[in-house]
Amino acid sequence: MISSILKIDIEPPTFDSLMYFDAAVVLFGGLVFGYLLRRQGDKKLGWVMTILNLVLTPWFIWRALP
């Protein structure tokens, strides 16, 4: 592929702050999406989205910690 032709060696970041940043983005996005769902009139789905996001995101972070 092109990376072997150009001798590009890409190593993805492996530090823990990337996991926390990703979790913060997921949490924030889920809260905004839940709020928008509630404003659009689908209140039950909006609340389910918000509650599951507040429960599952920290749980996934806790499970991913070494």
Side-chain angles (χ1 to χ4, degrees):
M1 300 240 250
I2 192 133
S3 62
S4 62
I5 295 171
L6 297 176
K7 304 283 192 242
I8 298 173
D9 187 24
I10 298 173
E11 292 184 26
T14 58
F15 47 93
D16 291 334
S17 62
L18 185 63
M19 180 184 67
Y20 292 118
F21 176 74
D22 186 40
V25 169
V26 168
L27 182 62
F28 181 73
L31 293 176
V32 169
F33 192 61
Y35 173 73
L36 291 175
L37 281 171
R38 287 194 312 263
R39 281 194 50 177
Q40 292 292 329
D42 200 353
K43 293 190 184 297
K44 287 182 183 178
L45 185 59
W47 280 114
V48 168
M49 179 75 176
T50 302
I51 291 170
L52 285 177
N53 215 355
L54 288 173
V55 171
L56 291 179
T57 302
W59 183 68
F60 285 138
I61 292 172
W62 180 72
R63 296 286 293 173
L65 288 174

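This one's a predicted model, so the numbers in the text were calculated from it and none came from an experiment.
L54 shares a hydrophobic cluster with L27, L31; the chain of contacts runs through ILVMFWY side chains whose heavy atoms sit under 4.5 Å apart.
Closest of all the heavy-atom pairs between P58 and N53 is CD-O, 3.9 Å.
Between L36 atom CG and M49 atom CE the span is 10.0 Å, to the nearest 0.5 Å.
No continuous path of hydrophobic side-chain contacts links L45 to L52 [ILVMFWY only; heavy atoms under 4.5 Å]. The hydrophobic clustering, which links ILVMFWY residues whose side-chain heavy atoms are closer than 4.5 Å, places V25 and V55 apart.
Residue pairs satisfying the side chain to side chain donor-acceptor pair (under 3.5 Å) criterion with at least one member in residues 23-40, sequence neighbours excluded, are listed as follows: R38-T50.
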